[in-house]
Protein chains: 2
Amino acid sequence: MLFQDVHQAHPACGDCPIRHRAVCARCETDELRELDRIKYYRSFEAGQTVVWSGDHMEFVASVVTGVATLTRALEDGRTQMVGLLLPSDFVGRPGRDRAPFNVIATTDLLMCCFRRKPFEEMMARTPHIAQRLLEMTLSELDAAREWMLLLGRKTAREKIASLLAIMARRDAALGLSAPSGRIVFDLPLTREAMSDYLGLTLETVSRQITALRRDGLIELQGKRHVIVPDYDRLVEVAGDDSDGGFFG
Amino acid sequence: MLFQDVHQAHPACGDCPIRHRAVCARCETDELRELDRIKYYRSFEAGQTVVWSGDHMEFVASVVTGVATLTRALEDGRTQMVGLLLPSDFVGRPGRDRAPFNVIATTDLLMCCFRRKPFEEMMARTPHIAQRLLEMTLSELDAAREWMLLLGRKTAREKIASLLAIMARRDAALGLSAPSGRIVFDLPLTREAMSDYLGLTLETVSRQITALRRDGLIELQGKRHVIVPDYDRLVEVAGDDSDGGFFG
DNA sequence: CAGACACCTTGACATGAATCAAAGAGATCC
DNA sequence: GGATCTCTTTGATTCATGTCAAGGTGTCTG
């Protein structure tokens with residue numbers, strides 16, 4: 001789910017992005033019908049809290065449109081983002097009833113929810129759903145570990161370059177082009193959200209973005225519109241030894 | 001696998017710790033027999049590499065005895081530990097054939113392996129194994145996220161206290177006592193391994209351990225034998241808002 | 001249009017952790 | 001029993017990033 005590639009999913013599975021992208025990779029119609037029966041939609045406004053860490057979470061869900069963040073915080077307020085939910089990403093855990101992190105909508109957000117109990121029952125009857133979830137969870141785990149390397153060992157400059165490269169890559173993928181050469185996209189995060197993601201302060205984020213611009217690695221129009229003239233050069237600054245890991 | 005609690009498993013499932021602890025929570029004998037048929041043991045000496053990142057990994061496995069680490073590294077050698085494998089922990093991913101990290105034995109190590117293909121086939125036939133793996137993977141994901149909070153937002157002192165608290169907690173759990181009051185245990189990691197885990201240098205680790213000792217939060221006999229006189233006070237220094245998260 | 005607000009940038013300074021360097025403590029080996 | 005090796009501690013210094021503070025930019029609202 002963390003940076004899950006929207007386009008890995010089967011492209012011909014109907015209108016609801018949820019049905020095939022997040023849950024049911026094989027698209028068998030009986031199961032889709034059953035999923036349809038137990039699903040419902042919820043929408044949230046930008047800034048609204050979806051679930052608070054420690055709360056009961058009586059559903060699992062999939063993002064239809066918008067962006068949400070998963071965060072954990074220390075008592076004194078220091079906050080770390082631990083995941084980013086983009087359209088088609090899945091959140092929730094069959095078998096656990098308390099959320100281990102805060103889920104917050106950063107833009108207007110539409111989620112497709114399944115009440116946990118019926119979903120679990122369906123999972124028990126439909127083995128390939130558990131396998132699909134396992135696969136997705138393993139991808140997330142890989143992404144989390146890649147992120148641990150970033151948080152523990154990269155410099156501020158490398159961190160920013162990494163984040164921009166991921167965003168660029170993701171948007172290139174949405175446009176179905178290979179990520180190389182010139183890429184243009186909009187940042188879906190504030191500087192503060194970026195700092196929470198990268199384990200930095202927002203001032204440092206701002207300064208490093210300025211530095212990357214000064215060095216010609218990116219161009220900015222306004223605060224959020226980013227132009228990456230040379231994707232490969234950016235990846236080089238990011239210092240990744242395996243950029244591919246992020247998309248599982 | 002990361003900090004998986006050995007004692008969560010059903011205690012009465014036979015002699016091979018693998019059979020029930022890591023893979024088969026329900027202990028049905030037919031399945032255990034089948035797992036027995038496809039399993040084999042491999043042992044490694046301390047320091048030996050089990051798998052190198054990017055290599056083909058043709059098995060999934062479970063730790064019987066010893067300790068192994070999962071690490072990722074940048075090209076210039078900066079290294080981040082992304083997981084710790086202790087007895088009963090599971091490693092490997094059905095459905096992927098390349099390891100996304102290095103697995104290195106830090107002590108002499110005995111692993112119980114299952115060739116990937118037969119294991120996958122068995123998983124397809126035995127739904128609750130996929131569910132069990134999903135459960136374990138979700139626990140690991142929670143642990144990884146907890147670790148992201150540590151790496152991104154905690155001070156060196158808090159990081160060390162967190163690691164010691166986890167070790168203390170784990171060893172208290174092995175002795176079947178509740179983690180509180182006085183706990184005594186041996187560190188299974190060198191200062192360098194600890195630094196790789198915590199995103200610090202080994203000098204900083206050494207200094208902070210000295211500082212915690214000076215402040216009476218821990219006592220040391222030799223380099224590795226640790227006495228925690230007051231577990232709760234240590235947890236307080238660690239700054240965790242949810243210590244429970246680590247054991248899923 | 002003015003005012004308010006959220007978001008972002010920049011500057012000056014402080015500080016926690018890294019780096020570089022040296023030496024101590026325990027093992028192991030002949 | 002001394003030599004050697006690995007692991008660890010400690011000290012001096014540097015540097016990257018955090019902290020505190022001020023001001024800029026764009027958007028929305030009345």
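Convention: sequence-line order gives letters A, B, ...; per-chain numbering from 1.
Arg153(B) has its CZ atom 13 Å from the P atom of dT17(D), to the nearest Å. If you take CE of Met194(A) and P of dT17(D), they are 15 Å apart, rounded to a whole angstrom. In this entry the distance linking CD of Glu192(A) with P of dG18(D) reads 14 Å, nearest Å. Residue Gln208(A) contributes atom CD, which lies 9 Å from atom C1' of dT17(D) at whole-angstrom precision. Atom CZ in Arg78(A) sits about 12 Å away from atom P in dG18(D), given to the nearest Å. Rounded to a whole Å, the CG atom of Leu200(B) is 14 Å from the P atom of dT17(D). Atom CZ in Arg157(A) sits about 17 Å away from atom P in dC15(D), given to the nearest Å. Per the geometry, CG belonging to Leu202(B) stands 8 Å off P belonging to dT8(D), to the nearest Å.
Salt-bridge formation is not detected for the pair Arg98(A)/Glu58(A): no Lys NZ or Arg NE/NH1/NH2 atom is positioned less than 4.0 Å from an Asp or Glu carboxylate oxygen. Note on Asp215(A) versus Arg157(A): salt bridge recorded, some NZ/NE/NH1/NH2 to OD/OE distance being below 4.0 Å. The pair Glu140(B)-Arg145(B) fails the salt-bridge criterion, with no side-chain N (NZ, NE, NH1 or NH2) lying under 4.0 Å from an Asp/Glu carboxylate O. In summary, Arg72(A) and Glu146(B) engage in a salt bridge, as defined by a charged side-chain N under 4.0 Å from a carboxylate O.
Here Ile209(A) lies out of heavy-atom contact (under 4.0 Å) with every strand. As judged by a 4.0 angstrom heavy-atom cut-off over every strand, Thr190(A) is placed among residues touching the sugar-phosphate backbone only. Among the heavy atoms of the strands lying under 4.0 Å from Gly199(A) are primed sugar atoms or P, OP1, OP2 only; no base atom is included.
A donor-acceptor contact shorter than 3.5 Å is absent between the side chain of Lys39(A) and the backbone of Cys112(A). Side-chain N or O atoms of Thr69(A) include none that pairs as donor or acceptor with a backbone N or O of Val67(A) at under 3.5 Å.
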request  = Quick one: do Arg191(B) and Thr201(B) satisfy side chain to side chain donor-acceptor pair (under 3.5 Å)? Show the steps, please.
outcome  = CA-CA 9 Å; Arg191(B) 298 289 185 268; Thr201(B) 59; over 6 Å; no
key: Step-by-step side-chain contact (heavy atoms from CB on, under 4.5 Å) determination, Leu187(B) to Val226(B)   = CA-CA 7 Å; Leu187(B) 283 170; Val226(B) 180; 3.8 Å; yes
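More than 12 non-hydrogen atoms from other residues, nucleotides or ligands lie less than 6.0 angstrom from CD of Glu219(A). Within 6.0 Å of the CD atom in Gln48(B), the count of heavy atoms belonging to other residues, nucleotides or ligands exceeds 12.
Taking only side-chain atoms of Glu203(A), from C-beta outward, the nucleotide of dC20(D), dT10(D), dT17(D) with the closest atom is dC20(D).
With a cutoff of under 4.0 Å to any heavy atom of chain B, the contacted region of DNA chain C is bounded 5' to 3' by dA17(C) to dA25(C).
Interface residues of residues 211-229 of chain B facing DNA chain D, ordered by number: Lys223(B), Arg224(B); criterion, heavy-atom separation under 4.0 Å.
Neither OP1 nor OP2 of dT9(D) sits under 4.0 Å from any side-chain N or O of Thr210(B).
Comparing the helix axis at one end of the helix from dC1(C)-dG30(D) to dC30(C)-dG1(D) with that at the other, each defined from 5 consecutive pairs, gives an inter-axis angle of 30° (nearest 10°).
Note that the CG atom of Leu74(A) and the CG atom of Leu149(B) stand 4.5 Å from one another [nearest 0.5 Å]. One distance of note links CG of Leu84(A) with CH2 of Trp147(A); it measures 8.5 Å at 0.5 Å rounding.
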